[in-house]
Amino acid sequence: MSELQALDKKYVAGTYARFPVEIVKGEGSMVYDAEGKAYIDLGSGIGVTAFGIADKAWQAAVIEQLSKVQHTSNLYYTEPCARLAEALCAKTGLKKVFFGNSGAEANECAIKVARKYAAEKKGPEYNVIVTLKNSFHGRTLTTLAATGQEHYHELFQPLTPGFVHLEPGNLKEFEEILANYKVAGILIECIQGEGGVHVVDGDFIRGVAALCQKEDIVLMFDEVQTGNGRTGKFYAYMHHGVTPDVVTTAKGLGGGLPIGACLLGEKVQNVLGFGDHGSTYGGNPIASAGACNVISRIDEKLMAEVAEKGAYLKKTFSGAKGVRSVSGMGLMIGIETEKPAAEVVKACMAKGVLCLTAKNKVRLLPALNIPVEQLKKAAEIILSVIAE
Ligand SMILES: *Cc1c(COP(=O)(O)O)cnc(C)c1O
């Protein structure tokens, strides 16, 4: 273990099982460790560096803002925040945006919006938020309560009350929940990322949307991981022809700087008033300037490339030796392997490819603009590791 690694182990809270690798620099989808070893990066910081490491155009946008003003407070206007909100609304048809700094914060905002909307419209007893089993929505006590995986809950009780977990795909169960609980809203990941790149059925999502419309339930999509071009559409709900009331996003939005956003549709656009919510860093000019650059580059041409690269990965891994199944959409791919996923990731790292796990799967979330040659080279290395 290097001196730096020992220092980190001694002084940084032990919440992460880090690999014995220190990343010191990168360029696009290539990253380099302290020993000078090169890796093709198929994790992009868990779907964060949407255009790779040290991307020139993103960097220029960030540096330009950095030289003007790095932070003020939400007592004043700043340009990047307003421009970013406008761009997100133009891309989605949603009406307003609240900015925070992370995915969990974006979801906290969504939950507050759904509860306040229902409290004012139907009464404060309408406070139940439905989420899916096997979901992941964050690490704060409320977003943990939303997360439909028991093992995250243990030892942190009591969590925020008022959450009910629904089996993905079971529309009948959703109807029963609506009959038995006073529901304010439902929060769904179209593809459960941490839950194992599990694609939630489109008919189910459309059925949920129709029931939400009928019963005036706030329909919310957690696009923290699936958002900002990751699946080949700007947001993953757009694959399903539904209209959300709330969309939360983070990860890829900032291209590597912390930002989270909660987008509010027509029905809930004015639910939050003065003093209802806030965040000191929310809408930070530098993070927003980076995000404006990211959003401006997610166009139809890029989405076609993401879809094509995703199709290539699916075709390459489906039926390959040592592969049980392949899931996902666009550049959000899960590979169920015969070998334990953690072993595959470790062996790939030794051979110069960084990938992730999600439950029992190897998870790939490369930068949206990863060069095809790098993607192919990395895929060949993963194939060889899986087949061994
Ligand atoms: C990562 C993730 C979160 C949490 O985001 P943080 O920025 O870590 O708070 C929430 N929802 C989903 C779907 C995620 O993938």
Side-chain angles (χ1 to χ4, degrees), residues 13 15-16 43-50 98-114 129-149 152-153 156 159-160 163 165-166 168 185-200 205 219-231 233-237 239 244 246-263 279 281-284 287-288 290-291 294 327-334 356-359 361 363-366:
T15 56
Y16 307 107
S44 62
I46 317 193
V48 167
T49 47
F98 176 86
F99 290 110
N101 313 284
S102 66
E105 260 187 279
N107 285 335
E108 289 271 344
C109 178
I111 292 160
K112 282 179 78 171
V113 166
I129 307 291
V130 181
T131 62
L132 299 187
K133 288 184 179 145
N134 194 45
S135 60
F136 182 84
H137 298 295
R139 304 286 197 157
T140 63
L141 286 171
T142 297
T143 57
L144 268 187
T147 293
Q149 301 186 57
Y152 286 111
H153 296 176
F156 299 109
L159 302 177
T160 305
F163 287 85
H165 305 299
L166 161 69
I186 178 166
L187 177 63
I188 296 177
E189 291 165 273
C190 291
I191 304 176
Q192 298 182 321
E194 308 301 308
V197 196
H198 175 253
V199 179
V200 175
I205 289 172
L219 175 62
M220 303 177 278
F221 288 103
D222 179 340
E223 299 265 6
V224 172
Q225 192 163 150
T226 52
N228 314 302
R230 176 58 48 199
T231 70
K233 296 259 189 206
F234 190 70
Y235 287 129
Y237 76 79
H239 291 286
V246 175
V247 173
T248 63
T249 191
K251 290 197 167 87
L253 176 61
L257 288 174
I259 188 167
C262 180
L263 283 61
S279 168
Y281 282 119
N284 170 272
S288 297
V294 167
S327 63
M329 289 171 102
L331 288 175
M332 181 168 181
I333 297 288
L356 307 164
T357 60
K359 289 270 177 75
K361 291 184 188 164
R363 175 175 41 156
L364 308 182
L365 298 171

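For ligands, and for the atoms within them, numbers begin at 1 and follow the listed sequence.
For F136 and Y152, the distance between ring centers is under 6.0 angstrom.
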If you look at each N/O of ligand 1, which protein N/O atoms lie under 3.5 Å away, and at what distance?
| residue | atom | partner | partner atom | Å |
| --- | --- | --- | --- | --- |
| ligand 1 | 7 (O) | G103 | N | 2.8 |
| ligand 1 | 9 (O) | G103 | N | 3.4 |
| ligand 1 | 9 (O) | A104 | N | 2.8 |
| ligand 1 | 11 (N) | F136 | O | 3.3 |
| ligand 1 | 11 (N) | D222 | OD1 | 3.4 |
| ligand 1 | 11 (N) | D222 | OD2 | 2.8 |
| ligand 1 | 15 (O) | Q225 | NE2 | 2.8 |
| ligand 1 | 15 (O) | K251 | NZ | 2.7 |

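Salt bridge R363/E194: present, at least one basic N to carboxylate O contact under 4.0 Å.
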Mind running side-chain hydrogen bond (donor to acceptor under 3.5 Å, both in side chains) on H137 and T131 for me, showing each step along the way?
CA-CA 9 Å; H137 298 295; T131 62; 4.8 Å; no
Does the side-chain hydrogen bond (donor to acceptor under 3.5 Å, both in side chains) test come out yes or no for T140 and E108, once each step is laid out?
CA-CA 8 Å; T140 63; E108 289 271 344; 2.5 Å; yes
Could you go through T143 and N107, starting from their C-alpha distance and side-chain angles, then the distance that decides it, and tell me whether this counts as side-chain hydrogen bond (donor to acceptor under 3.5 Å, both in side chains)?
CA-CA 7 Å; T143 57; N107 285 335; over 6 Å; no
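Under the 4.5 Å side-chain criterion, counting only non-hydrogen atoms from C-beta, Y237 is not in contact with I205.
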